[in-house]
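Step one of this worksheet: look at the structure below.
Residue numbers begin at 1 in each chain, while the letters A, B, ... track the order of the sequences. Everything numeric here is computed off the predicted structure, so don't read it as measured data.
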Amino acid sequence: IPKKKTWYVVFNLFEITQDRCLMPETMELCIEEVSEAALLERIMLRKVKAAVDMYDQLLQAGTTVSPDASNDLLDLICLYGDRDPVQDDKPEAEDVVGYYLCGLYLENNNAERIFNLLPERDTRAYSALIRGMVKYGAHVKAFNTYTDMLNNRLTADVHTFNALISAAPEVRERYTEKWDLIVDLLNQMNEQKVKPNLLTFNALLKALRRCGSLARAQSLHTLSEMKAMGIAPSLASFDHVLGIFYKAASPSQGQTDILQEVMTEVAGRTFVAQDPDDVNFFSSAMRICLDTKDIEAAYKVHDLLRVGENWRMLGDSFQQSIYYGRMFNLLCMMEHIDVVLKWYKELIPSLYYPNPQGMRDLLQALDTDNRLDMIPQIWKDIRRMGHDNKSDLVDELLSLMARDKHSPEIQESFAVCALDVKSLYEQGQGARMALEWTATAMTNITSVLLAAQKKQQAWDMLKLFKTKNRVPSEELMEEFLASIKSSNDPQHAMELVQISASFCLPSTPKLAERVLQAFELSEEQKYDYCLGLLELGTTDVNSTPSEGSHPLHLLRPLTP
Amino acid sequence: MYRILLLSVCPVRNRALHVYIREACLRSSKCDIVSLPICRATNGGVFNAFGTSSVIHCEKKEGPLPPKEENSALKDGEQKVAVKMVGEKVIELQDYVKMVAEQSEQRVGVKMEGVTESVKIEEIPVKMDSEKMEEIQTKTALLPIPEVKLEDVKESEEMKEIMLASKTEEVKQKLEVTMAVVKEGETIVEIQVKTEEVVDVKKEGDKVVEEQMLEVNKEEQQTEAPPKDEIQPVKSGKESLLDLLGAMKVEVTNKRKFKALKVQRTSETAARPMPAAMESTTSMFQEATGMADVPAPAPSETLSPELVAAVSAAAATLPSQSQAESELLKKLRQHEAIGEAQKNGDVNNIGQVVIIADMKVGKKPNGRQNARPANQIRFDEDGRGYTHDRGITAELDGGLRRRRSLFSGKRLNIFTPSTEPEADTDIAVPTLWDMELANQVALSTNQMPRNGFEEMIQWTKEGRLWQYPINNEAGLEAEAQVPFHEHVFLEKHLEEGFPRQGPVRHFMELVVSGLAKNPYYTIQQKREHIAWFRDYFQQKEEVLKEAEVYLN
């Protein structure tokens with residue numbers, strides 16, 4: 001590829017983005033005169049528009065352009081759809097329009113014009129035109145061009161057929177018609193003595209994915225044909241076969257063990273990329289494993305990934321994260337927690353950087369196998385991975401900690417973890433999106449603290465409810481009361497009832513009664529207590545419809 | 001499995017038929033159907049290897065199969081051998097076919113009576129008095145099919161011995177009787193028809209053989225007894241029966257394989273028909289369908305496997321066998337369902353029975369596999385979001401395919417693999433398209449090193465990393481001979497060509513001190529650097545003098 005990349009020592013990225021004139025033209029034209037050499041240079045540097053201009057100038061000057069050069073030009077135009085290729089280092093914003101346009105076939109473009117100008121149109125010219133049409137979505141036109149080519153008694157090459165096969169599902173409506181067209185093309189290939197290659201069969205299998213029910217049988221026949229022709233299927237071939245057999249909404253999903261057969265076929269083999277679709281294999285195979293909840297098959301897929309250089313076939317980081325995400329999800333679902341944690345240590349974070357959903361799966365797996373004591377450790381990882389600002393994940397973690405009673409050591413570690421979560425809420429976290437206190441989160445933190453006998457912190461939390469305008473649950477109040485009872489602290493108990501009344505909780509009267517019964521209060525204390533309630537009640541009772549919370553009801557048993 | 005069998009049988013069978021038709025071309029078309037059993041009988045030893053269900057399948061096909069199927073049939077090694085053997089056998093059997101043909105001509109009349117009688121099945125009064133037949137009926141009534149198969153194998157071995165003694169007429173007899181044994185249900189009328197025929201033939205045949213045959217049947221019944229007892233209690237629930245059905249099918253195929261092997265082994269000595277085994281496999285599938293109804297709690301009129309088998313036997317005598325059979329079965333099933341519903345007052349039962357009768361139990365490859373994907377909405381690539389359900393046949397297809405490996409099926413048969421190596425593989429310059437494809441493939445794969453070690457290996461390969469042993473001066477080979485003071489003390493280069501004092505001198509001292517600290521330039525580059533400034537200031541000398549800064 002003649003693309004020159006000039007490497008500049010970039011001291012200041014900001015400067016570069018501000019002042020784009022610092023960036024060099026990646027490809028500079030050297031030959032200015034009108035000549036075939038200039039045309040070739042423009043083709044080499046992939047300057048589509050400049051090359052077309054040069055070609056026109058040459059023709060106007062009466063120069064004859066050699067067939068090779070004009071074919072190269074045609075290749076260039078067809079490959080880039082009569083547009084200048086987008087440079088990597090140009091900012092995207094400029095090419096937004098171009099971005100949406102590319103992928104569309106332009107009517108009356110230079111490709112057809114130059115094709116018509118050619119003195120003699122050979123197979124290569126036709127091939128370039130047809131491939132370009134298919135690439136840019138002019139499928140019907142491609143087939144018309146192919147007919148035109150046959151009428152001119154030319155034979156197509158294998159690339160033309162590959163393009164046409166991949167276009168075949170676009171030009172027919174019914175599944176059988178699509179398949180008939182493909183078979184027709186294959187027969188013509190055979191008649192024209194064109195040898196199919198791997199890409200032919202991959203295009204065929206890919207087209208079969210869109211041929212509905214008849215694809216199942218035909219895909220297997222295709223594989224047999226490949227074997228007969230001595231063409232080893234690539235991962236893309238198997239990917240297409242899997243796609244055919246495991247259709248997303250198919251009712252017969254799970255009734256076939258094609259995945260097992262494919263895995264026995266490919267087990268232990270190393271693959272090199274031959275088709276751009278090869279990289280889809282692993283993630284889609286893992287999807288099937290996940291859908292069918294087949295952990296054994298998943299292990300097989302993963303074993304294949306470890307063979308030789310196969311890991312390269314996993315694709316870019318996006319596909320890697322999809323693959324590992326599915327695998328981890330399946331592991332969390334199906335495996336014992338010890339195995340899950342083994343994989344967790346192995347995969348995270350070097351290979352897989354889990355998303356919040358992945359972490360929630362892990363938490364659920366911990367819950368399933370009763371290993372909630374791992375939560376503080378997982379929370380550290382969550383913080384490290386920057387998922388600590390995902391409120392639903394944090395909520396889930398807190399609710400798991402608050403749900404059950406554990407041994408004092410675990411409760412202690414939970415409390416530390418809960419305080420850590422609390423500190424996260426309190427610090428603004430600067431640029432990052434901060435968490436918003438929710439009532440459930442506060443309740444959960446408080447009950448974790450209570451369970452760990454951290455009364456002072458719990459009491460702070462209870463006060464925090466008021467400042468954050470959140471309402472604690474009645475269960476939390478019960479827990480508080482139980483905790484206060486155990487330490488026999490009537491002052492706190494009365495305070496608790498007052499707080500409860502201030503939230504207008506419907507259970508306040510019951511709470512107050514229980515406080516009166518449970519604690520030995522002096523008459524003075526009782527009087528102050530009820531008066532305090534009355535004050536609160538008169539301020540709050542107007543705003544609440546619930547009559548039960550009115551503290552006057554409490555005074556009734558006190559004043560006989 | 002069925003399909004493979006069918007494929008392998010087809011060509012052979014066609015050949016056999018050719019032989020047969022050539023020898024018996026005088027016969028009318030009706031006789032063809034009637035004499036099919038004979039044809040089967042002649043090829044029996046061979047056909048058993050493949051199971052007669054495929055033969056029947058074969059008959060249902062109207063046109064000849066496309067030639068490509070023959071090719072693919074040859075793929076399977078075992079069957080290849082079998083096909084070869086069949087071919088030899090066919091030639092061997094030619095003489096035998098002749099004999100059968102002659103005798104079957106005589107029997108056409110008898111057989112045609114049978115046909116007419118079976119058409120009027122309902123009108124013929126029940127006047128069955130053969131105790132033996134009843135005995136057989138009761139004993140076979142609740143017999144699970146796998147056991148029948150096993151017994152058939154055994155029986156067929158015994159049959160062989162009988163065959164050796166018997167003539168071709170006995171072949172016919174046995175065919176009919178064993179058919180009756182396996183198939184008879186409650187339609188005693190049908191059995192009666194058969195027995196009458198048998199009696200007719202018996203008169204012509206050898207009595208001794210008949211007795212032997214009945215003995216065989218008795219033996220069969222005796223051996224059957226223990227497994228029957230075992231199986232019966234299990235039959236109570238429909239669920240368990242369905243499971244049984246599922247398991248049964250697998251067993252049957254295994255058995256057939258076993259049987260095929262056995263027949264291959266023995267076929268040299270016994271190029272004789274084994275009708276019992278043959279017929280039982282024929283009716284196997286129908287019985288399997290019928291078995292679904294056995295658990296239905298109706299003491300009176302159940303659609304027992306024997307009934308179904310009888311229907312198929314009756315239908316076999318009609319010209320359009322398959323159609324008649326399916327019609328009869330349908331009718332029977334309706335009768336039974338309605339009758340039962342009326343009796344039990346349970347309307348749901350109709351649906352149940354019909355559903356179960358039509359049900360196909362497939363073996364799941366994995367217990368967990370049927371779990372549905374949760375929380376997911378996805379769309380098909382073919383744009384419908386669902387696939388067309390082709391009903392039983394589709395599942396059957398899937399079930400059959402399961403037993404094949406990925407590559408063993410037939411192929412498209414469009415291209416012919418060339419044996420000569422590729423002569424010209426376009427060593428021409430790669431086009432833009434090729435480069436684009438290579439680029440795409442390279443971009444799609446993961447080219448990043450997986451860990452630090454790999455990265456360092458890559459760097460080392462590129463010569464970008466330290467060489468070992470570690471050397472501070474690695475990469476400075478060009479300057480190795482230059483002493484350090486040449487690099488550091490550069491003031492001597494300012495001696496000539498520069499003013500002795502003033503701003504220019506001051507600037508150049510700064511330049512020199514900077515160069516002295518630069519480890520990257522060679523000494524030559526440093527000298528050139530200074531020389532450039534020398535030239536520059538000499539060129540600008542006029543200007544500098546005017547500004548009075550060039551002090552020399």
I would like to know whether A:T222 and B:L412 meet side-chain contact (heavy atoms from CB on, under 4.5 Å); could you show each step before the answer?
CA-CA 6 Å; A:T222 309; B:L412 294 172; 3.8 Å; yes
For A:D275, which atoms come within 4.5 Å of any heavy atom of chain B: side chain, backbone, both, or neither?
backbone
Is chain B contacted by the side chain of A:V272, its backbone, both, or neither, given a heavy-atom distance below 4.5 Å?
neither
Under 4.5 Å from any heavy atom of chain B - which part of A:D72:
backbone
Interchain contact, A:L204 with chain B, by part (heavy-atom threshold 4.5 Å):
side chain
Between A:Q274 and chain B, which part of the residue has a heavy atom less than 4.5 Å away: side chain, backbone, both or neither?
backbone
Has A:E173 got more than 12 heavy atoms of other residues, nucleotides or ligands less than 6.0 Å from its CD?
no
Looking only at A:N187, A:L351, A:D75, the option with the highest number of non-hydrogen pairs under 4.5 Å against chain B is A:D75
Where does A:L76 contact chain B at under 4.5 Å (heavy atoms): side chain, backbone, both or neither?
both
Rounded distance [0.5 Å steps], CG in A:L314 versus OG1 in B:T445:
11.0 Å
As an exercise, state the distance from OG of B:S444 to CG of A:D316, rounded to the nearest 0.5 Å.
8.5 Å
Over all atoms of both residues, closest heavy-atom pair of B:Q440 and A:P276:
OE1-CG, 3.2 Å
Nearest-0.5 Å distance, NZ of residue A:K195 to CZ of residue B:F415:
10.0 Å
One should read off an interatomic distance between B:T431 OG1 and A:H159 NE2, to the nearest 0.5 angstrom, of 6.0 Å
Between A:P196, A:A297, A:S219, A:S317, which has the largest tally of heavy atom pairs under 4.5 Å with chain B?
A:P196
Derivation and outcome, side-chain contact (heavy atoms from CB on, under 4.5 Å), residues A:C78 and B:W433:
CA-CA 9 Å; A:C78 293; B:W433 294 97; 3.8 Å; yes
Tell me, side chain or backbone of A:F318 under 4.5 Å from chain B's heavy atoms, or both, or neither?
neither
Nearest-0.5 Å distance, OH of residue A:Y80 to CD of residue B:E436:
5.0 Å
A:L199 versus chain B, the contacting section by heavy-atom distance below 4.5 Å:
side chain
Given a strict heavy-atom distance threshold of 4.5 Å, which part of A:P233 is in contact with chain B: side chain, backbone, both, or neither?
side chain
Side chain from CB out, backbone as N, CA, C, O: work out which of these in A:A128 comes under 4.5 Å of a heavy atom of chain B, or both, or neither.
both
Tell me, with the steps shown, if A:E225 and B:I414 meet side-chain contact (heavy atoms from CB on, under 4.5 Å).
CA-CA 8 Å; A:E225 185 86 1; B:I414 289 171; 4.1 Å; yes
At a 4.5 Å cut-off on heavy atoms, which part of A:R131 comes close to chain B: side chain, backbone, both, or neither?
both
Could you measure the distance from the CE atom of B:M435 to the CZ atom of A:R46? Nearest 0.5 Å is fine.
6.0 Å
Can you tell which part of A:V241 gets under 4.5 Å to a heavy atom of chain B, answering side chain, backbone, both or neither?
neither
